[in-house]
Amino acid sequence: MDLSALNQPQREAVLCVDGPLLVLAGAGSGKTRVITHRIVHLLERGAAPGAIVALSFTNKAADEMRERLHKMIGKAADELVLGTFHSVGVRMMRETPEGFGVPKRFGILDQGDQYGLVRTMLRDHGHHGPGAERRYDLGAIVQRISLWKNEFVSPEEAADPRRQESEYDQVAAELYPAYEERLGALGAVDFDDLVCRIAHRLAADAALCAFWRDRFHYLLVDEYQDTNRAQLEVVRRLAGPRENLCVVGDDDQAIYGWRGAKVANILGFDLYFPRARVIKLEQNYRSLPPILACANGVIVNNKGRHDKRLIPQRRGGEPVTVVVAEDGEQEARWVAGKIRKLVVDEARRPEEVAVLYRSAKQAEVIEELLQEHGIAYRILGGQAFYDRKQVKDVLAYMRVLVTPRDDLSVRRALDVPSRGVGSKTLARLDSFAQARGLSLLEAVHRARELPELGARQITALEGFSELVRRGQAIHHSGGSAVGALRSMITACGLRDAVAHDASSAEQASQKWAAVEGLFGGLERFEQRARDRGERPRWSDYFGTLDKEREEEGDQATGKVTLTTLHSAKGLEWPIVFILGCEEGTMPHKRVAAPRISDAIAGDIEEERRLFYVGITRAQDRLFLTRADARVERGQPQKRLPSRFLAELPAAHFTVYEVAKREALTTEALESMADALLARLATPG
DNA sequence: CTTGCTCTAGTTAGG
DNA sequence: CTAGAGCAAG
C-alpha cells in the first residue's frame, strides 16, 4: 500500500497495530483515510477480512466506509465486519441466540412500539388517564429506562430512593421491571438491548466471550466520543487481553451527551486501557485559516478536553462574516438572497452551500424563501421520511399484504383510517387470537365467531378482512404487490383521512406526496427484482429502508443542504451559513433552565462543541448570522448575541449589519435579477 | 368508538 | 402561534 499520501501521525496511526490505540482526529484531519488505510494494512499483514470489525454509529457511515474500501481492495471489502454497534449486535445475537438469552427469532421494538408499551404501562399503574394527578412526558420515561439499561443500572438499583432525584425517576423506576418483563414475554428486545445485552452476556459467559473474541481479532471504533457505557463495555470485552483495538474520535466534537454518550470514554481512554498509545491528528486539510482560527478560538474555552488545535494546511481566505439582522425574517431573507447571489452571480453550485441551525424548525423560513427563488434544496435531520405517520401507515398495509402474520402492522392498519375499531375491540380480538394460537389477522377474518363484538364492529372488521383478501388475491395471482397495495389504499380511503387531518390543502398534498414517494420506492424495488427475473424479497426491502431513501430520494447534486448542526457532523461544504447565533438558541435556553423531565442536565460546553462542529464544516467561506429580535410564540422578543460570538478572535472576522436600507437594496437587487432571469429564460 | 374542544409545550438522533 | 394529546360529549 502506498503510504506517501499520508502525513507522519496519520502513517503512525495506520501502522501501529499492536495494543490499544487512541487516534484523536481533529475535524478535517483525514480520519476516514486513516481508518481505511489501517484496515488495508491489517489485511496486507495477513489478517482475515472477517476478523476485522469496524464499528460506527450510523448505517450511512458504515456504508460509506465499505464503499471506500471497495474502491481500494475490491471484493474483500464485503467480508469485513463493518456496521453499527446495533447491527453487529443483531448479527451476534442471531448467530448465538441462546448465548444472549433471546429466542431464535426475536423481534426488535422500534421507538413507536416502545412508546406504546410504556404508555399502556403508565395507564396500568394509574399514572395516566383519569384520576392521575400528573401527566408525564412519555419520552422522559423511555429515556430514563434507556439510560439505566445502558449504564447497567438494574431495576432494583433504579428503585433505590437514594438515586431518585425527581418524580420522573420514581415513575420510571416503577415501570422499569414491568417493561423488561413485557419485552421478555413478547420475545423481543429494544434497541438498547442490542448493545447492553451483548455487554452483559459477554461479561457473564466466558465461553461465549471467548467464541466472539476468537472471531473478532481487530477492533476499530469510529466516532468514539459518542460511545456510551454499554458500548465501552462491549469494546472492552471483545478486545480482551489482546487489546487489539483502535478507537478514533474527537472529544471536541462530542455532542451527544444528552442521549447518554460519555466523553469520559475518550478523555480517560488510558484509564480503561493503560497500555494505550495516543496519536493526535491536528493538521487540517479542510478549511481556510480564518475559519480554523475561529474554531480554535471558540473551543479553547472548554475545560475538559484533550489539548490540541487545528493547524491549517491551506492558505488565504477571507475573514468569517458575522451577519446581524434586525429580526428573524430579515436574517432569512438575507441568507436566501446571498445564496441566490452565490448561485446566480458567482456561479457556485448549490451543493457547495449549506445552511446550519440548532433546531429543525428553523429550516422552515429558509425553505420557503429558497422555493420562492427557485433554488433546489435537501433537508437533513428532522423527521426521517420513514418516521412520518402517513408513510408508516401505508407501510403497515404493505406488511399486512406480504407478511400477514405481522400483528403489529395489522393493528396499525386496522387503526388507520378510523373504521370504528378501537382498543376494546382490539383487546377482544387479541385474546381470541391468543386462545387459539391464531394471528391477529386470522382473528379478524373470523370476527363473526366473536359473540361479544357489536354488529358495527363486525361489519367494520369484515370490511377490513375483505380489503385484505382482495389485496392478497391480486398479490398472489402474480400481480404487482405495489399495485395491490395501491388498490387497498384507494379502497380504504386513507387519502381522504390524510386530507381530513391536514390543516390546509397545501399540507395535505405535502403529506400525500410522502406517500407517493413511498409508492415510488416500492415500485422501483419491485421492478429491479423483476428485471432480475426474481420475486421481490420484501423482507430485504423492509430491512434496508434507510438506504433506499439515501439512494433514491436524496440526491445531493444541484441542491443546497439545510441541516441541523447535529446532523451536519462529519460533512463539509465550501460555503456554510450558521443561523441564529444567539443566546437562547445557541447555547439553547434549555441548558440554563432545565426541566424536571430532563434526565440529563444540559451542558454549556456541549453547546460550545456543537458550535465548533458547525464552524469546522466550512471549507472556504463561513457566515454566522443572528437577529436582534425574533418572533417567539407569536410575540416579538429581543435577542442577545451568542456568548460564543464573543469568543471569536477579532482579527479573523468582520461584522456585517443588515440595515433596513441594505435590506431594501438587497430586495431591489433581487427583483432586478428576477427580471434579468426572466428575460434570459424567454427564448428570442 | 369517534368527534371536536381545550390544554400545553415548544432541542438535538439513531439503531 | 401551532401541533399533538387528553377529555367530555354524541
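By convention in this document, chain letters (A, B, ...) are assigned in the order of the sequence lines, proteins followed by strands, and residues within each chain are numbered from 1. In what follows, every heavy atom counts, from backbone to side chain, and hydrogens, waters and symmetry copies are set aside.
Between the CG atom of A:Asp63 and the P atom of B:dG15 there is a distance of 10 Å, rounded to whole Å. Nucleotide C:dG6 holds its P atom 11 Å from the CG atom of A:Asp137, rounded to whole Å. Rounded to whole Å, atom P of B:dA13 lies 12 Å from atom CD of A:Glu606. In this structure, the CG atom of A:Asp598 is 13 Å from the P atom of B:dT12, given to the nearest Å. To the nearest angstrom, C1' of C:dA5 lies 9 Å from CZ of A:Arg119. Between the P atom of B:dT12 and the CZ atom of A:Phe611 lies a distance of 19 Å, rounded to the nearest Å. Rounded to whole angstrom, the span from the OH atom of A:Tyr115 across to the P atom of B:dG15 amounts to 16 Å. A straight line from CH2 of A:Trp258 to P of B:dT12 spans 8 Å, rounded to a whole angstrom.
Residues in residues 82-97 of chain A take part in these salt bridge (charged side-chain N to carboxylate O under 4.0 Å, His left out) pairs, two or more places apart or across chains: A:Glu95-A:Arg215.
Distance from the side chain of A:Ser359 is smallest to B:dT12 among B:dT12, B:dG10, B:dG15. Which of B:dG15, B:dT12, C:dC1 sits closest to the side chain of A:Arg633 comes down to C:dC1.
Across every non-hydrogen atom of A:Leu579 and A:Met586, the tightest pair is O-CE, 4.1 Å. Of all the heavy atoms in A:Cys492 and A:Arg419, the pair that sits closest is CB-NH2, 3.9 Å. Summarising the geometry of A:Leu232 relative to A:Tyr224, their closest heavy-atom pair is CD1-OH, 3.3 Å, with the distance given to 0.1 Å. Scanning both residues, A:Asp169 and A:Glu165, for their nearest heavy atoms gives OD2-N, 2.8 Å. The two residues A:Ile604 and A:Val591 have their closest heavy-atom pair at N-CG1, 3.8 Å.
B:dA13 sits 23 Å from C:dT2 when the C1' atoms are compared, rounded to a whole Å. The P atoms of C:dA5 and B:dT12 are separated by 16 Å, rounded to the nearest whole Å.
One finds no side-chain N or O of A:Thr58 lying less than 4.0 angstrom from the OP1 or OP2 phosphate oxygen of B:dA13. Taking side-chain N and O atoms only, A:Thr564 has a distance below 4.0 Å to OP1 or OP2 of B:dA13. Between A:Asn59 and B:dG14 there is no side-chain polar atom (N or O) within less than 4.0 angstrom of OP1 or OP2. Close to B:dG10, at under 4.0 Å from its OP1 or OP2, lies a side-chain N or O of A:Arg595.
When each of A:Ile600 and A:Ser87 is assigned the nucleotide of DNA chain B with its nearest heavy atom, A:Ile600 is the one assigned upstream, toward the 5' end. Take the nearest nucleotide of DNA chain B for A:Phe57 and for A:Gly602: the residue whose nucleotide is more 5' is A:Gly602.
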Can you name the atoms? Protein N/O to nucleotides 1-3 of chain B N/O, anything below 3.5 Å, with the distance.
from: B:dC1; atom 1: OP1; to: A:Gly422; atom 2: N; distance (Å): 3.3
from: B:dC1; atom 1: OP1; to: A:Lys424; atom 2: N; distance (Å): 3.2
from: B:dC1; atom 1: OP1; to: A:Thr425; atom 2: N; distance (Å): 3.4
from: B:dT2; atom 1: OP1; to: A:Gly420; atom 2: N; distance (Å): 2.6
from: B:dT2; atom 1: OP1; to: A:Val421; atom 2: N; distance (Å): 3.4

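Looking at A:Arg237 and A:Trp212, their side chains never come closer than 4.5 Å, going by heavy atoms from C-beta outward.
Note that the CG atom of A:Leu194 and the CZ atom of A:Phe100 stand 11.0 Å from one another [nearest 0.5 Å].
Note on A:Tyr256: only backbone sugar-phosphate atoms sit closer than 4.0 angstrom, heavy atoms only; bases stay farther off.
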Result block: side-chain N/O donor-acceptor pairs under 3.5 angstrom for residues 255-264 of chain A, not counting sequence neighbours:
from: A:Trp258; atom 1: NE1; to: A:Ile255; atom 2: O; distance (Å): 3.0
from: A:Trp258; atom 1: NE1; to: A:His566; atom 2: NE2; distance (Å): 3.4
from: A:Lys262; atom 1: NZ; to: A:Glu151; atom 2: OE2; distance (Å): 3.1

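Here the options are A:Ile299, A:Leu565, A:Val298, the test is side-chain contact (heavy atoms from CB on, under 4.5 Å), and the partner is A:Phe611; only A:Val298 passes.
Taking every heavy atom of residues 581-594 of chain A and every atom of DNA chain B, pairs under 4.0 Å involve A:His588, A:Arg590, by number. Interface residues of residues 187-195 of chain A facing DNA chain B, ordered by number: A:Phe191, A:Asp192; criterion, heavy-atom separation under 4.0 Å.
Put simply, the side chain of A:Glu632 and the base of B:dG10 share no donor and acceptor less than 3.5 Å apart.
For the side chain to side chain contact (heavy atoms under 4.5 Å, CB included) test, residues two or more places apart in sequence or in another chain that qualify with A:Glu329 are A:Asp327, A:Arg333.
One side chain, A:Glu367 or A:Tyr377, offers a donor N or O that lies under 3.5 Å from an acceptor on the other.
Looking at A:Asn150, its side chain never comes within 3.5 Å of a backbone N or O of A:Ala230 through a donor-acceptor pair.
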